[in-house]
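Lettering follows sequence order; numbering is per chain, from 1. Predicted, not measured: the structure shown is a model, and the values here were computed from it.
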Amino acid sequence: MSELVKVEHLHKEFGKNVVLKDINLSVEKGEVVVIIGPSGCGKSTFLRCLNGLEGIEGGIVYVDGLPVEPESKDIYKIRQKIGMVFQYYELFPHKTVIENIILSPMKVQKRNRDDAVREAIELLDKVGLADKKDYYPRQLSGGQKQRVAIVRALIMHPDVLLFDEVTAALDPEMVHEVLQTMLELAKNGSTMIIVTHEMAFAKAVADRIVFFDQGDIVEETTDVKGFFEEPSTERAKKFLKTFAYE
Amino acid sequence: MDVEVIKTYLPLYNEAILLTVRLGWFGILAAFGIGLLGSVIQYFRIPVLRKIAAVYIEVFRNTPLLVQLFFIYFALPKIGIKISAESCGILGLGLIGGAYMTETLRSGLESIDKIQHESALSLGMTKRQVFFYIILPQAFSVSIPGIVANLIFLLKETSVFSTISLMDLMFTSKDLIGMYAKTIECLFLLVIYYLIMLLPVSVLGTIIERRARYAQFGD
(Lines give C-alpha, C1' and ligand atoms only; values in the text may rest on other atoms or scores of the structure.)
Protein backbone atom coordinates (compact mmCIF):
# COMPACT_ATOMS: atom_id res chain seq x y z
CA MET A 1 0.00 0.00 0.00
CA SER A 2 1.62 3.19 -1.10
CA GLU A 3 -1.24 5.33 0.20
CA LEU A 4 0.34 7.66 2.69
CA VAL A 5 -2.74 9.60 3.63
CA LYS A 6 -6.17 8.07 3.47
CA VAL A 7 -9.32 9.93 4.36
CA GLU A 8 -12.60 8.04 4.60
CA HIS A 9 -16.01 9.64 5.03
CA LEU A 10 -14.60 12.57 6.97
CA HIS A 11 -17.31 14.66 8.57
CA LYS A 12 -16.56 17.85 10.44
CA GLU A 13 -18.84 20.39 12.01
CA PHE A 14 -18.51 23.40 14.26
CA GLY A 15 -21.68 23.29 16.32
CA LYS A 16 -24.52 23.18 13.82
CA ASN A 17 -22.33 24.40 11.01
CA VAL A 18 -21.20 21.50 8.84
CA VAL A 19 -17.84 22.43 7.31
CA LEU A 20 -16.79 19.14 5.71
CA LYS A 21 -19.19 16.45 4.58
CA ASP A 22 -18.22 12.93 3.65
CA ILE A 23 -14.76 13.64 2.29
CA ASN A 24 -12.85 10.76 0.73
CA LEU A 25 -9.30 11.22 -0.48
CA SER A 26 -6.10 9.22 -0.72
CA VAL A 27 -2.68 10.62 -1.32
CA GLU A 28 0.12 8.38 -2.50
CA LYS A 29 3.74 8.60 -1.61
CA GLY A 30 5.51 11.22 -3.70
CA GLU A 31 2.30 12.79 -4.88
CA VAL A 32 1.64 16.53 -4.84
CA VAL A 33 -2.01 17.29 -4.26
CA VAL A 34 -3.18 20.87 -4.57
CA ILE A 35 -6.45 21.86 -2.97
CA ILE A 36 -8.18 24.92 -4.34
CA GLY A 37 -11.55 26.47 -3.77
CA PRO A 38 -13.29 29.62 -2.58
CA SER A 39 -12.62 31.05 0.89
CA GLY A 40 -14.54 29.35 3.66
CA CYS A 41 -15.01 26.14 1.70
CA GLY A 42 -13.25 24.06 4.35
CA LYS A 43 -9.82 23.64 2.74
CA SER A 44 -7.82 24.81 5.76
CA THR A 45 -10.02 22.93 8.20
CA PHE A 46 -9.46 19.82 6.11
CA LEU A 47 -5.68 20.16 6.41
CA ARG A 48 -5.98 20.65 10.17
CA CYS A 49 -7.99 17.44 10.44
CA LEU A 50 -5.15 15.54 8.80
CA ASN A 51 -2.76 16.09 11.72
CA GLY A 52 -5.36 16.13 14.43
CA LEU A 53 -5.29 19.84 15.21
CA GLU A 54 -9.03 19.61 14.67
CA GLY A 55 -11.13 16.75 15.94
CA ILE A 56 -13.60 15.18 13.53
CA GLU A 57 -17.19 14.16 14.09
CA GLY A 58 -17.28 11.27 11.67
CA GLY A 59 -15.12 9.13 9.39
CA ILE A 60 -11.44 8.47 9.83
CA VAL A 61 -8.05 9.75 8.72
CA TYR A 62 -5.08 7.43 8.33
CA VAL A 63 -1.52 8.60 7.94
CA ASP A 64 0.94 5.88 7.06
CA GLY A 65 -1.68 3.35 8.09
CA LEU A 66 -2.21 4.82 11.57
CA PRO A 67 -5.48 6.47 12.57
CA VAL A 68 -5.21 10.16 13.47
CA GLU A 69 -7.05 10.73 16.75
CA PRO A 70 -6.38 14.01 18.61
CA GLU A 71 -6.93 12.49 22.05
CA SER A 72 -4.91 9.30 21.55
CA LYS A 73 -1.42 8.85 22.91
CA ASP A 74 -0.01 8.06 19.47
CA ILE A 75 -0.96 11.46 18.11
CA TYR A 76 2.45 12.89 19.01
CA LYS A 77 4.19 10.15 17.01
CA ILE A 78 1.85 10.58 14.08
CA ARG A 79 2.34 14.34 14.00
CA GLN A 80 6.07 13.79 13.55
CA LYS A 81 5.21 12.14 10.23
CA ILE A 82 3.26 15.20 9.14
CA GLY A 83 4.99 18.52 8.65
CA MET A 84 2.82 21.61 8.54
CA VAL A 85 3.51 25.13 7.33
CA PHE A 86 1.10 27.90 8.28
CA GLN A 87 -0.11 31.07 6.61
CA TYR A 88 1.47 33.35 9.21
CA TYR A 89 4.68 31.27 9.60
CA GLU A 90 4.18 30.75 13.35
CA LEU A 91 7.86 30.77 14.13
CA PHE A 92 8.56 31.03 17.84
CA PRO A 93 9.33 34.73 18.35
CA HIS A 94 11.46 34.22 21.47
CA LYS A 95 13.88 31.88 19.72
CA THR A 96 16.45 32.47 16.99
CA VAL A 97 16.15 30.86 13.58
CA ILE A 98 18.45 27.98 14.49
CA GLU A 99 16.73 27.44 17.86
CA ASN A 100 13.36 27.39 16.13
CA ILE A 101 14.59 24.65 13.85
CA ILE A 102 16.47 22.41 16.28
CA LEU A 103 13.95 22.52 19.13
CA SER A 104 11.78 19.62 17.96
CA PRO A 105 14.57 17.36 16.69
CA MET A 106 16.20 17.72 20.11
CA LYS A 107 13.18 17.59 22.39
CA VAL A 108 10.83 15.37 20.42
CA GLN A 109 13.22 13.06 18.56
CA LYS A 110 15.96 13.28 21.21
CA ARG A 111 18.65 13.90 18.62
CA ASN A 112 21.83 15.45 19.91
CA ARG A 113 22.40 19.14 19.46
CA ASP A 114 25.41 18.97 17.12
CA ASP A 115 23.62 16.64 14.78
CA ALA A 116 20.49 18.81 14.74
CA VAL A 117 22.49 22.00 14.20
CA ARG A 118 24.46 20.45 11.36
CA GLU A 119 21.34 19.36 9.52
CA ALA A 120 19.58 22.66 10.25
CA ILE A 121 22.43 24.59 8.64
CA GLU A 122 22.46 22.24 5.67
CA LEU A 123 18.76 22.81 5.12
CA LEU A 124 19.02 26.56 5.71
CA ASP A 125 21.77 26.63 3.13
CA LYS A 126 19.47 24.99 0.58
CA VAL A 127 16.92 27.76 1.01
CA GLY A 128 19.65 30.42 1.02
CA LEU A 129 19.32 31.45 4.66
CA ALA A 130 22.36 29.90 6.38
CA ASP A 131 23.68 33.38 7.19
CA LYS A 132 20.47 34.21 9.06
CA LYS A 133 20.74 31.37 11.57
CA ASP A 134 21.25 33.60 14.60
CA TYR A 135 18.58 36.15 13.68
CA TYR A 136 15.28 36.43 15.49
CA PRO A 137 12.15 35.93 13.40
CA ARG A 138 11.25 39.63 13.73
CA GLN A 139 14.46 40.50 11.86
CA LEU A 140 13.41 38.51 8.79
CA SER A 141 11.10 39.32 5.92
CA GLY A 142 7.90 37.36 5.46
CA GLY A 143 9.39 35.25 2.71
CA GLN A 144 12.44 34.43 4.80
CA LYS A 145 10.27 33.53 7.78
CA GLN A 146 8.22 31.19 5.66
CA ARG A 147 11.33 29.46 4.32
CA VAL A 148 12.56 29.00 7.88
CA ALA A 149 9.17 27.54 8.76
CA ILE A 150 9.54 25.08 5.88
CA VAL A 151 13.01 24.08 7.11
CA ARG A 152 11.62 23.65 10.62
CA ALA A 153 9.08 21.19 9.25
CA LEU A 154 11.60 19.42 7.01
CA ILE A 155 14.17 18.68 9.70
CA MET A 156 11.67 16.29 11.31
CA HIS A 157 11.82 14.17 8.11
CA PRO A 158 8.06 14.05 7.75
CA ASP A 159 6.40 11.62 5.34
CA VAL A 160 4.01 14.28 4.15
CA LEU A 161 4.01 18.08 4.19
CA LEU A 162 0.90 20.22 4.59
CA PHE A 163 0.95 23.79 3.32
CA ASP A 164 -1.89 26.04 4.45
CA GLU A 165 -2.03 29.10 2.19
CA VAL A 166 1.62 29.72 2.92
CA THR A 167 1.99 32.64 0.51
CA ALA A 168 -1.29 34.38 1.29
CA ALA A 169 0.29 36.77 3.80
CA LEU A 170 3.33 37.61 1.67
CA ASP A 171 4.17 40.58 -0.51
CA PRO A 172 4.08 39.60 -4.19
CA GLU A 173 7.85 39.72 -4.64
CA MET A 174 8.31 37.29 -1.77
CA VAL A 175 5.75 34.80 -2.97
CA HIS A 176 8.14 33.63 -5.65
CA GLU A 177 11.00 32.64 -3.34
CA VAL A 178 8.70 30.54 -1.18
CA LEU A 179 7.00 28.84 -4.12
CA GLN A 180 10.42 28.14 -5.63
CA THR A 181 11.41 26.31 -2.45
CA MET A 182 8.22 24.28 -2.60
CA LEU A 183 8.79 23.41 -6.27
CA GLU A 184 12.23 22.07 -5.36
CA LEU A 185 10.69 19.89 -2.68
CA ALA A 186 8.13 18.55 -5.14
CA LYS A 187 10.85 17.75 -7.66
CA ASN A 188 12.75 15.82 -5.02
CA GLY A 189 9.80 13.56 -4.48
CA SER A 190 8.24 14.98 -1.30
CA THR A 191 4.63 14.11 -0.67
CA MET A 192 2.75 17.37 -0.33
CA ILE A 193 -0.78 18.55 0.24
CA ILE A 194 -1.04 22.21 -0.62
CA VAL A 195 -3.86 24.66 -0.07
CA THR A 196 -3.28 27.73 -2.20
CA HIS A 197 -4.80 30.55 -4.19
CA GLU A 198 -1.80 30.75 -6.52
CA MET A 199 -3.30 29.21 -9.64
CA ALA A 200 -0.19 29.42 -11.82
CA PHE A 201 1.78 27.67 -9.09
CA ALA A 202 -0.92 25.03 -8.65
CA LYS A 203 -0.71 24.32 -12.35
CA ALA A 204 3.06 23.97 -12.21
CA VAL A 205 3.39 21.83 -9.11
CA ALA A 206 0.28 19.65 -8.89
CA ASP A 207 0.03 15.98 -9.76
CA ARG A 208 -3.60 16.21 -8.84
CA ILE A 209 -6.05 19.03 -8.30
CA VAL A 210 -8.80 18.77 -5.73
CA PHE A 211 -11.49 21.43 -5.95
CA PHE A 212 -13.41 22.06 -2.74
CA ASP A 213 -16.65 23.98 -2.48
CA GLN A 214 -19.00 24.25 0.49
CA GLY A 215 -17.31 21.48 2.43
CA ASP A 216 -17.39 19.04 -0.43
CA ILE A 217 -14.95 17.76 -3.06
CA VAL A 218 -16.62 18.94 -6.23
CA GLU A 219 -13.98 17.97 -8.72
CA GLU A 220 -10.82 15.89 -8.53
CA THR A 221 -8.51 15.25 -11.42
CA THR A 222 -4.98 14.29 -12.40
CA ASP A 223 -5.41 16.11 -15.69
CA VAL A 224 -4.08 19.32 -14.20
CA LYS A 225 -3.66 21.17 -17.45
CA GLY A 226 -7.10 20.13 -18.58
CA PHE A 227 -8.65 21.32 -15.34
CA PHE A 228 -7.34 24.83 -15.74
CA GLU A 229 -8.34 24.99 -19.41
CA GLU A 230 -11.75 23.43 -19.11
CA PRO A 231 -12.94 22.18 -15.73
CA SER A 232 -15.78 19.71 -15.96
CA THR A 233 -18.03 21.19 -13.27
CA GLU A 234 -19.87 24.48 -13.42
CA ARG A 235 -18.76 25.46 -9.93
CA ALA A 236 -15.08 25.01 -10.78
CA LYS A 237 -15.58 27.01 -13.96
CA LYS A 238 -17.17 29.83 -12.02
CA PHE A 239 -14.37 29.75 -9.46
CA LEU A 240 -11.58 29.85 -12.03
CA LYS A 241 -13.29 32.75 -13.78
CA THR A 242 -12.79 34.91 -10.70
CA PHE A 243 -9.05 34.78 -11.41
CA ALA A 244 -9.36 35.96 -15.03
CA TYR A 245 -9.65 39.57 -16.17
CA GLU A 246 -11.08 40.01 -19.62
CA MET B 1 15.44 68.62 60.90
CA ASP B 2 18.28 67.43 63.08
CA VAL B 3 21.10 65.66 61.23
CA GLU B 4 22.54 64.29 64.46
CA VAL B 5 19.24 62.55 65.22
CA ILE B 6 19.21 61.02 61.76
CA LYS B 7 22.76 59.75 62.25
CA THR B 8 21.86 58.01 65.51
CA TYR B 9 18.79 56.42 63.94
CA LEU B 10 20.61 55.12 60.85
CA PRO B 11 21.71 51.75 62.35
CA LEU B 12 18.13 51.02 63.40
CA TYR B 13 16.84 51.76 59.92
CA ASN B 14 19.58 49.65 58.36
CA GLU B 15 18.45 46.72 60.44
CA ALA B 16 14.84 47.38 59.59
CA ILE B 17 15.45 47.52 55.85
CA LEU B 18 17.41 44.27 55.99
CA LEU B 19 14.52 42.57 57.73
CA THR B 20 12.02 44.04 55.28
CA VAL B 21 14.07 42.99 52.25
CA ARG B 22 14.69 39.52 53.67
CA LEU B 23 11.03 38.84 54.40
CA GLY B 24 10.01 40.52 51.17
CA TRP B 25 12.43 38.38 49.20
CA PHE B 26 11.16 35.09 50.61
CA GLY B 27 7.57 36.25 50.32
CA ILE B 28 8.07 37.15 46.68
CA LEU B 29 9.79 33.84 46.01
CA ALA B 30 6.79 32.04 47.49
CA ALA B 31 4.46 34.27 45.46
CA PHE B 32 6.32 33.30 42.29
CA GLY B 33 6.11 29.62 43.11
CA ILE B 34 2.40 29.83 43.81
CA GLY B 35 1.84 31.97 40.71
CA LEU B 36 3.61 29.47 38.49
CA LEU B 37 1.71 26.58 40.00
CA GLY B 38 -1.58 28.45 39.70
CA SER B 39 -1.01 29.31 36.05
CA VAL B 40 -0.04 25.70 35.24
CA ILE B 41 -3.27 24.52 36.88
CA GLN B 42 -5.33 26.98 34.90
CA TYR B 43 -3.51 26.40 31.62
CA PHE B 44 -3.92 22.63 31.70
CA ARG B 45 -7.43 23.00 33.11
CA ILE B 46 -6.76 20.45 35.85
CA PRO B 47 -10.30 19.67 37.01
CA VAL B 48 -10.63 20.02 40.81
CA LEU B 49 -7.49 22.08 41.41
CA ARG B 50 -8.79 24.67 38.98
CA LYS B 51 -11.82 25.39 41.15
CA ILE B 52 -9.65 25.55 44.26
CA ALA B 53 -7.27 27.96 42.54
CA ALA B 54 -10.17 30.20 41.49
CA VAL B 55 -11.52 30.37 45.05
CA TYR B 56 -8.03 31.01 46.43
CA ILE B 57 -7.45 33.87 44.00
CA GLU B 58 -10.78 35.52 44.80
CA VAL B 59 -10.29 35.21 48.57
CA PHE B 60 -6.77 36.58 48.64
CA ARG B 61 -7.24 39.32 46.08
CA ASN B 62 -10.36 40.62 47.73
CA THR B 63 -9.22 40.81 51.32
CA PRO B 64 -6.55 43.20 52.66
CA LEU B 65 -3.15 41.77 53.57
CA LEU B 66 -3.69 43.22 57.04
CA VAL B 67 -6.72 41.00 57.58
CA GLN B 68 -4.91 37.97 56.16
CA LEU B 69 -1.93 38.56 58.45
CA PHE B 70 -4.18 38.91 61.51
CA PHE B 71 -5.85 35.68 60.55
CA ILE B 72 -2.55 33.82 60.18
CA TYR B 73 -0.98 35.40 63.26
CA PHE B 74 -3.87 35.43 65.73
CA ALA B 75 -6.45 32.92 64.49
CA LEU B 76 -4.29 29.99 63.44
CA PRO B 77 -2.67 29.56 66.89
CA LYS B 78 -6.19 29.18 68.30
CA ILE B 79 -6.59 25.99 66.30
CA GLY B 80 -3.13 24.82 67.31
CA ILE B 81 -1.04 26.04 64.39
CA LYS B 82 1.76 28.19 65.76
CA ILE B 83 4.27 29.90 63.54
CA SER B 84 6.74 32.69 64.18
CA ALA B 85 5.94 36.28 63.30
CA GLU B 86 8.55 36.21 60.51
CA SER B 87 7.07 33.07 58.97
CA CYS B 88 3.64 34.69 59.20
CA GLY B 89 4.91 37.68 57.27
CA ILE B 90 6.44 35.51 54.55
CA LEU B 91 3.39 33.28 54.35
CA GLY B 92 0.99 36.22 54.17
CA LEU B 93 3.02 37.99 51.50
CA GLY B 94 3.45 34.73 49.57
CA LEU B 95 -0.26 33.99 49.59
CA ILE B 96 -1.51 37.41 48.53
CA GLY B 97 1.35 37.74 46.03
CA GLY B 98 0.64 34.25 44.68
CA ALA B 99 -2.92 35.27 43.87
CA TYR B 100 -1.72 38.38 42.02
CA MET B 101 1.07 36.52 40.22
CA THR B 102 -1.33 33.79 39.08
CA GLU B 103 -3.63 36.38 37.58
CA THR B 104 -0.77 38.25 35.91
CA LEU B 105 0.70 35.10 34.39
CA ARG B 106 -2.73 33.89 33.35
CA SER B 107 -3.41 37.02 31.33
CA GLY B 108 0.05 36.61 29.80
CA LEU B 109 -0.72 33.03 28.86
CA GLU B 110 -4.03 34.05 27.34
CA SER B 111 -2.35 36.70 25.21
CA ILE B 112 -0.35 34.08 23.30
CA ASP B 113 -2.08 33.18 20.08
CA LYS B 114 -3.62 29.70 19.96
CA ILE B 115 -1.92 28.99 16.67
CA GLN B 116 1.52 29.20 18.33
CA HIS B 117 0.35 26.27 20.38
CA GLU B 118 -0.78 24.48 17.24
CA SER B 119 2.39 25.07 15.32
CA ALA B 120 4.36 23.54 18.20
CA LEU B 121 1.95 20.59 18.37
CA SER B 122 2.32 20.06 14.64
CA LEU B 123 6.04 19.51 15.24
CA GLY B 124 5.20 16.55 17.45
CA MET B 125 5.61 18.24 20.84
CA THR B 126 3.53 17.09 23.77
CA LYS B 127 1.28 19.58 25.56
CA ARG B 128 3.79 19.77 28.38
CA GLN B 129 6.66 20.56 26.00
CA VAL B 130 4.54 23.17 24.24
CA PHE B 131 3.80 24.83 27.57
CA PHE B 132 7.32 24.95 28.93
CA TYR B 133 9.28 25.65 25.73
CA ILE B 134 6.88 27.78 23.72
CA ILE B 135 4.00 29.27 25.67
CA LEU B 136 5.41 30.00 29.14
CA PRO B 137 8.55 31.89 28.00
CA GLN B 138 6.45 34.11 25.75
CA ALA B 139 3.75 34.60 28.38
CA PHE B 140 6.42 35.45 30.91
CA SER B 141 7.95 38.20 28.82
CA VAL B 142 4.51 39.62 28.07
CA SER B 143 3.78 39.57 31.81
CA ILE B 144 6.96 41.33 32.92
CA PRO B 145 5.34 44.77 33.38
CA GLY B 146 2.65 43.17 35.53
CA ILE B 147 5.20 41.13 37.46
CA VAL B 148 7.31 44.21 38.19
CA ALA B 149 4.19 46.07 39.35
CA ASN B 150 3.41 43.12 41.63
CA LEU B 151 6.95 43.13 43.07
CA ILE B 152 6.72 46.79 43.95
CA PHE B 153 3.25 46.34 45.38
CA LEU B 154 4.39 43.41 47.53
CA LEU B 155 7.46 45.21 48.85
CA LYS B 156 5.29 48.17 49.82
CA GLU B 157 2.77 45.87 51.46
CA THR B 158 5.50 44.72 53.85
CA SER B 159 4.67 47.88 55.83
CA VAL B 160 1.74 45.90 57.21
CA PHE B 161 4.25 43.62 58.95
CA SER B 162 4.50 46.25 61.68
CA THR B 163 1.07 45.18 62.91
CA ILE B 164 2.35 41.76 63.92
CA SER B 165 5.27 43.42 65.70
CA LEU B 166 7.96 42.71 63.14
CA MET B 167 10.69 45.34 63.32
CA ASP B 168 10.34 46.50 59.74
CA LEU B 169 10.77 50.09 58.49
CA MET B 170 7.24 51.06 59.45
CA PHE B 171 7.41 49.57 62.94
CA THR B 172 10.80 51.12 63.61
CA SER B 173 9.51 54.56 62.63
CA LYS B 174 6.33 54.32 64.68
CA ASP B 175 8.32 53.07 67.61
CA LEU B 176 10.89 55.86 67.45
CA ILE B 177 8.25 58.55 66.96
CA GLY B 178 6.33 57.17 69.92
CA MET B 179 9.39 57.24 72.15
CA TYR B 180 11.26 60.39 71.10
CA ALA B 181 8.76 62.36 69.00
CA LYS B 182 11.34 63.15 66.32
CA THR B 183 8.55 62.89 63.77
CA ILE B 184 10.11 64.81 60.87
CA GLU B 185 13.41 62.91 61.01
CA CYS B 186 11.72 59.55 61.27
CA LEU B 187 9.30 60.18 58.42
CA PHE B 188 12.12 61.51 56.29
CA LEU B 189 14.15 58.36 56.92
CA LEU B 190 11.10 56.21 56.29
CA VAL B 191 10.50 57.70 52.83
CA ILE B 192 14.19 57.55 51.92
CA TYR B 193 14.54 53.91 52.97
CA TYR B 194 11.46 52.82 51.05
CA LEU B 195 12.86 54.58 48.00
CA ILE B 196 16.23 52.91 48.50
CA MET B 197 14.44 49.59 48.55
CA LEU B 198 12.02 50.17 45.68
CA LEU B 199 13.73 52.44 43.15
CA PRO B 200 16.26 49.77 42.10
CA VAL B 201 13.41 47.29 41.57
CA SER B 202 11.57 49.82 39.47
CA VAL B 203 14.62 50.75 37.38
CA LEU B 204 15.73 47.15 36.95
CA GLY B 205 12.18 46.23 36.04
CA THR B 206 12.08 48.84 33.28
CA ILE B 207 15.37 47.59 31.85
CA ILE B 208 14.28 43.95 31.86
CA GLU B 209 10.93 44.96 30.41
CA ARG B 210 12.60 46.77 27.55
CA ARG B 211 14.96 43.88 26.82
CA ALA B 212 12.16 41.35 26.89
CA ARG B 213 10.05 43.51 24.61
CA TYR B 214 12.95 43.86 22.24
CA ALA B 215 13.56 40.12 22.11
CA GLN B 216 9.88 39.57 21.52
CA PHE B 217 8.79 42.31 19.17
CA GLY B 218 11.90 44.24 18.20
CA ASP B 219 10.80 47.63 19.43
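For A:E71, the CD atom is loosely surrounded, since the number of other residues' heavy atoms within 6.0 Å does not exceed 12. With a 6.0 Å radius and a threshold of 12 heavy atoms from other residues, nucleotides or ligands, A:Y62 has its OH atom at or below the threshold. Heavy atoms of other residues, nucleotides or ligands lying less than 6.0 angstrom from CD of A:E57 number more than 12. No more than 12 heavy atoms of other residues, nucleotides or ligands shown are found within 6.0 angstrom of CZ on B:F71. No more than 12 heavy-atom neighbours from other residues, nucleotides or ligands sit within 6.0 angstrom of CZ on B:F188. Heavy-atom neighbours of B:F26 CZ from other residues, nucleotides or ligands within 6.0 Å: at or below the threshold of 12. No more than 12 heavy atoms of other residues, nucleotides or ligands shown are found within 6.0 angstrom of OH on A:Y135.
Of the atoms belonging to A:R48, it is side-chain heavy atoms, and not backbone ones, that fall under 4.5 Å from chain B. For A:K81, no part sits under 4.5 Å from any heavy atom of chain B, backbone or side chain.
When every heavy atom of B:Q116 is checked against every heavy atom of A:L91, the shortest pair comes out as NE2-O, 2.9 Å. Nearest heavy-atom pair across B:Q129 and A:K107 is NE2-O, 3.1 Å.
In this structure, the separation between OH on B:Y133 and CD on A:E99 is 13.0 Å, given to the nearest 0.5 Å.
Along residues 121-128 of chain B, the residues that come nearer than 4.5 angstrom to chain A, judged on non-hydrogen atoms, are B:L121, B:S122, B:L123, B:G124, B:M125, B:T126, B:K127 in order of number.
When each of A:I82, A:L103, A:N51 is checked for heavy-atom pairs under 4.5 Å with chain B, A:L103 comes out on top. Ranked by heavy-atom pairs shorter than 4.5 Å toward chain B, the options A:Y88, A:Y89, A:F86, A:F92 are led by A:F92.
Side-chain contact between A:P93 and B:Q138 is present, with at least one heavy-atom pair separated by less than 4.5 Å.
Side-chain atoms of A:H94 do not come within 3.5 Å of backbone N or O of B:I135 as any donor-acceptor pair.
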